[in-house]
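Inspection log for the structure reproduced underneath, given as structure tokens.
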Amino acid sequence: MPLPADHRSSLLPSRTWLAPALAVALTLLLIALGHEGRRVIQLAALAAPGLAWLFWPVRRKGVHRLRAGLVWCWAMAFAVDGLARAYLLDVYQAAPDSSMVLGAAANTNARESAEYLGMYWRPLLLQCALLLGAGVLLAFCVARGRRSPPGAAAAPRRPRWLRATCVLGCTALALLSAAGYASKPWRRLHPVAYWIDWDAKVDMVRAEWAAQQQARERTLQQAREAAPGVELAGPATVVLVISDSVNRDNMALYGYGRPTTPMLLEQQRQLEDRLLVLRHAWSRDATTLPALRNLFRFGQPDSAQPQHALALARAAGYKVWWITNHDDVGIEQMHARLADVAQFSNRTPGRSSASLDSAVLDDVRVALADAAPRKLVVVHLMGAHPHYNMRFPANANPFDDAVDAVESGMQQQGRPAWLRQMRHDYDAALLYHDAVVASTLQMTRSPASGEGYRAWMYLSDHGQEVAHGTGRAGHSPQTASGYRIPALLWRNTPPQPWTPDLAQRPFRADWAAWTLADLLHVRWSGDQPQHNVLSPSYQWQAPEIPAKVESFLQ
Ligand SMILES: [Zn+2]
């Protein structure tokens, strides 16, 4: 700790309030960097006792030095807290105890830390420089806390009004600070208490994951007990592409008025009726987590102890990949980690990340080239998840200046300009998405993906409302648009086309695993062909959804 040899020779004379006031201002600034509104006052109240000590005239040199050391540590706790929070807000728009940050911290190992440093060294370096600067400045200030010089005469008496104001101010501050320390939720915000608690929370997340690891092992065991087999000779490659927030009404492939799916239409031109376009596809859920749970758990409630499609595929002898552009701890724990290989193309947590879906294509190519005889490659795309304008590259929106039937239709409905812009962005996201989805189909079809049987299935987890039936945009449990999804299938054998009636069959995504099992040629004791849209014994039942649907054949 750099302390002045003699306080009388220091830059700021020890008898003034200047250095302590500077320490207070600096600490407040650092608190305000990482906190907002009322929180700043709460943290300031917690910081007050330590900083107040600097204003107390100290006579003995030893006490002065001890005080400087203690108050420096005290203020630095608030500095580290403020800067760490500011960093998380800047990079992730997240608080330290958000599930995303806790998950990331719990998940960290040496390799990931190195990757992380490689990616974020600039903002981290800036925070370290700020912390170092704050440390030096605070050291300078605390070394100049108020002292009463030895042998000096008592300070001149200040005017009575000034003394009264001081006493009142100090009393108010002391009361506020005491209130802060008396209140449990308030004093938990103290950096020392907060970060000790945070560390415990990270340990809790790890413990939960260990429990989920056990749950996954039970799921795999349950699949093995069903003794699934593959009714197919020779190699097999099946690709399942799951997208997010794609409403089929906005796909030209499904008749939309804008050219949003040129690449899939080209695939359809090449494949003709060997590409099955399920015209009436619906999701059972309007958000990702329940939609994926139902999709992989065969649309059955927990009480039925349903199989997991990935576990079943593995037990039947498939090597399973999970290749994703999402970074979601829940999906990772419930589904991705059941695969043999889990590839995370996107290392920025949350669905507000700007990672474009084409990031997965290299990993898909590698998986398809793998030597394993039987492969199931699951690809999880961000699709058209809000914010729509983050789902396609800059300057890749051909619709935002369009004067077309879609635009004039929305104008006639009185949709405001911001909402029409949302629609343009959504359509541009689907156009970008089209190229990625068509690439996965093209790669699956390519002879480079190996000999033998190959199949491809594409669907969205749920739909999206973008001024279709209401004046709003986003996930939409209350309107049919929230459930209207695309679903496409292709396979190279049997070579005959799909029968024409298949495309007209209504389809529900929570039953998709029954169809996936068919594509995988997996047979097991619990098979229910009445839920498989490809089966001659398919029996449609309308899903129970909160939105009003005139007809599931629309
Ligand atoms: Zn979703």
Side-chain angles (χ1 to χ4, degrees), residues 99-100 103 240-251 254 260 281-297 299 309-310 322-336 342 344-346 348-360 378-392 422-423 425-430 432-434 436-437 440 457-468 470 472-488 507-513 516 543 545-547:
S99 62
M100 183 239 289
L240 171 65
V241 181
I242 304 169
S243 190
D244 200 313
S245 305
V246 174
N247 182 333
R248 60 180 145 90
D249 292 336
N250 291 59
M251 298 173 79
Y254 277 86
T260 49
W282 297 83
S283 67
R284 160 75 182 71
D285 305 278
T287 51
T288 301
L289 286 181
L292 289 189
R293 196 217 158 272
N294 273 326
L295 194 158
F296 284 108
R297 292 283 184 178
L310 300 188
W322 182 280
I323 298 170
T324 179
N325 190 30
H326 287 250
D327 189 353
D328 183 298
V329 177
I331 295 171
E332 182 178 338
Q333 292 300 317
M334 280 183 283
H335 310 295
F344 298 87
S345 308
N346 173 5
T348 315
R351 273 175 277 275
S352 57
S353 149
S355 169
L356 290 170
D357 276 338
S358 59
V360 303
V378 180
V379 184
H380 191 203
L381 301 176
M382 204 76 93
H385 192 282
H387 307 283
Y388 312 137
N389 60 7
M390 293 166 72
R391 303 293 163 237
F392 56 89
M422 288 263 201
R423 174 67 80 85
D425 288 344
Y426 185 73
D427 291 344
L430 288 206
Y432 177 80
H433 179 61
D434 169 65
V436 176
V437 175
T440 65
M457 182 175 187
Y458 158 78
L459 76 171
S460 179
D461 60 351
H462 54 76
Q464 192 81 174
E465 169 82 41
V466 194
H468 293 95
T470 66
R472 52 181 294 278
H475 288 55
S476 189
Q478 302 302 329
T479 67
S481 303
Y483 304 88
R484 295 172 68 81
I485 57 164
L488 312 178
F507 166 82
R508 43 192 283 189
D510 59 328
W511 288 357
L516 177 68
I545 56 176

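One-based numbering, in listed order, for ligands and for the atoms of each. Quantities reported herein were computed from a predicted structural model and do not represent experimental measurements.
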Practice problem: Tell me which N, O or S atom of Asp244 sits nearest to the Zn ion (ligand 1). | Solution: OD1
Practice problem: Measuring from the Zn ion (ligand 1), name the closest N, O or S atom belonging to Asp461. | Solution: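 Nearest to the Zn ion (ligand 1) within Asp461's N, O and S set: OD2.
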Practice problem: Check the side chains of Asn325 and Ser355 for a donor-acceptor pair under 3.5 angstrom, ignoring hydrogens and angles. | Solution: yes
Exercise. Can you measure from OG (Ser243) to NE2 (His380) and round to the nearest 0.5 angstrom?
Key: 7.5 Å
Quiz prompt | Presence of N, O or S from His385 under 2.8 Å of the Zn ion (ligand 1) | solution = no
Quiz item: Any N/O/S of Ser245 under 2.8 Å from the Zn ion (ligand 1)?
Solution: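 No - counting backbone and side chain alike, Ser245 has no N, O or S atom under 2.8 Å.
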Exercise. Only counting residues at least two apart or in another chain, list the ones meeting side chain to side chain contact (heavy atoms under 4.5 Å, CB included) with Thr287.
Key: Pro290, His475
Quiz item: Taking only residues two or more places apart in sequence, or in another chain, which ones meet Ala309 in a side chain to side chain contact (heavy atoms under 4.5 Å, CB included)?
Solution: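 Side chain to side chain contact (heavy atoms under 4.5 Å, CB included) list for Ala309, sorted by chain: Phe296, Phe298, Ala513, Leu516.
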